[in-house]
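Have a look at the structure below before the remarks.
Throughout, protein chains are lettered first and strands after them, A, B, ... in sequence-line order, and every chain is numbered starting at 1.
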2 protein chains.
Amino acid sequence: MLDYAPDLDRVFHALADPGRRTMVERLSRGPASVSELGQPMEMSLAAVLQHVRVLEACGLVTSSKVGRTRTCSINSAALRSAESWLADRRTMVERNLDRLGEFLAATDTQEQP
Amino acid sequence: MLDYAPDLDRVFHALADPGRRTMVERLSRGPASVSELGQPMEMSLAAVLQHVRVLEACGLVTSSKVGRTRTCSINSAALRSAESWLADRRTMVERNLDRLGEFLAATDTQEQP
């Protein structure tokens with residue numbers, strides 16, 4: 001019964017870090033080099049690369065190297081898989097609340113004189 | 001420029017664990033006691049309680065104790081905040097891809113003889 005989805009484990013773990021979310025935020029506006037990703041953050045290039053590797057390992061980001069420049073791009077499918085998981089749970093909660101509301105309304109009507 | 005949102009840090013961290021996702025999954029169908037949450041998982045009650053505390057700390061779950069029974073409920077607002085963050089990023093990626101598509105189509109038309 002455990003919700004085994006290793007990719008979701010890694011996607012949610014990757015997004016738990018504010019630095020990595022800033023990188024995802026930047027990449028959602030278009031591809032960027034590793035040094036461009038690091039610019040807004042006071043972080044060494046090695047640290048930025050380490051975050052990029054975490055984002056690549058969970059499938060949120062892909063990268064390719066031309067000469068000395070590694071360019072990163074976002075993979076919207078990984079964003080969508082995490083978003084869908086959350087949306088499915090939220091829809092279920094809201095549906096149950098609606099049913100409860102309908103039940104209470106029906107009970108209230110029956111109790112009217 | 002860092003995406004500082006301590007709640008999102010904690011919500012995504014909480015969801016990175018398959019056992020905690022199973023609990024969220026169960027609670028999205030309605031409130032449950034701590035022992036009910038633990039039933040489908042081969043986990044001690046102490047371990048279940050520890051996971052419940054992580055889910056409570058990030059706002060995904062609330063709980064109340066009556067007698068010896070602690071009952072947990074889901075908080076859909078926390079699910080929605082994480083879902084919105086992902087949806088905003090994904091929408092941005094898709095919008096940029098659409099723009100690129102329009103640009104390439106326009107370029108293609110201009111190049112037609």
Side-chain angles (χ1 to χ4, degrees), chain A residues 1-31 37-43 51 54 58 60-61 73-97 99-100, chain B residues 1-31 37-43 51 54 58 60-61 73-97 99-100:
Chain A
M1 284 285 287
L2 271 184
D3 182 8
Y4 282 121
D7 287 345
L8 274 184
D9 287 12
R10 288 190 288 181
V11 168
F12 284 130
H13 165 74
L15 293 174
D17 182 274
R20 288 197 289 265
R21 283 205 306 281
T22 299
M23 292 177 186
V24 168
E25 171 82 53
R26 168 62 191 84
L27 292 174
S28 68
R29 288 183 272 121
L37 280 183
Q39 262 165 25
M41 295 181 280
E42 291 176 6
M43 206 180 271
H51 283 311
V54 174
C58 70
L60 273 169
V61 162
S73 304
I74 199 128
N75 171 19
S76 62
L79 282 175
R80 203 179 300 116
S81 74
E83 184 190 341
S84 297
W85 190 90
L86 288 159
D88 290 350
R89 303 292 91 70
R90 185 187 47 76
T91 307
M92 178 79 86
V93 176
E94 288 172 355
R95 198 180 302 154
N96 286 336
L97 283 178
R99 274 188 200 146
L100 179 64
Chain B
M1 284 285 287
L2 271 184
D3 182 8
Y4 282 121
D7 287 346
L8 274 184
D9 287 12
R10 287 191 289 180
V11 168
F12 285 130
H13 165 74
L15 294 173
D17 182 273
R20 287 196 291 265
R21 283 206 306 280
T22 299
M23 293 177 184
V24 168
E25 171 81 53
R26 168 62 192 83
L27 292 173
S28 68
R29 287 182 274 121
L37 280 183
Q39 263 165 22
M41 295 180 281
E42 291 177 7
M43 207 180 271
H51 283 311
V54 173
C58 70
L60 274 169
V61 162
S73 305
I74 200 129
N75 171 19
S76 62
L79 282 175
R80 203 178 300 117
S81 74
E83 184 191 341
S84 297
W85 189 90
L86 287 159
D88 289 350
R89 304 292 91 69
R90 185 187 45 76
T91 307
M92 178 79 86
V93 177
E94 288 173 355
R95 198 181 303 154
N96 286 336
L97 282 177
R99 273 188 201 146
L100 180 65

Heavy-atom distances under 4.5 Å only: say whether Ile74(B) touches chain A with side chain, backbone, both or neither.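 The answer is the side chain of Ile74(B).
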Can you tell which part of Glu42(B) gets under 4.5 Å to a heavy atom of chain A, answering side chain, backbone, both or neither?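 No part of it gets close to chain A.
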Most heavy-atom pairs under 4.5 Å with chain B, out of Arg95(A), Glu83(A), Met23(A), belong to Glu83(A)
Do you know which of Asp88(A), Leu86(A), Thr91(A) has the most heavy-atom pairs under 4.5 Å to chain B? Leu86(A)
On a heavy-atom basis, which atom in Trp85(B) and which in Leu15(A) lie closest, and how many Å separate them? CZ3-CD2, 3.8 Å
What heavy-atom pair brings Val93(B) and Ser76(A) nearest, and what distance separates the two atoms?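 Looks like CG1-CB, 3.9 Å.
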Contact leader toward chain A among Leu100(B), Val24(B), Leu27(B), Asn96(B), where contacts are heavy-atom pairs under 4.5 Å: Asn96(B)
Working to the nearest 0.5 angstrom, can you tell me the gap between Arg29(A) CZ and Arg89(B) CZ?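 One finds 9.0 Å between CZ of Arg29(A) and CZ of Arg89(B).
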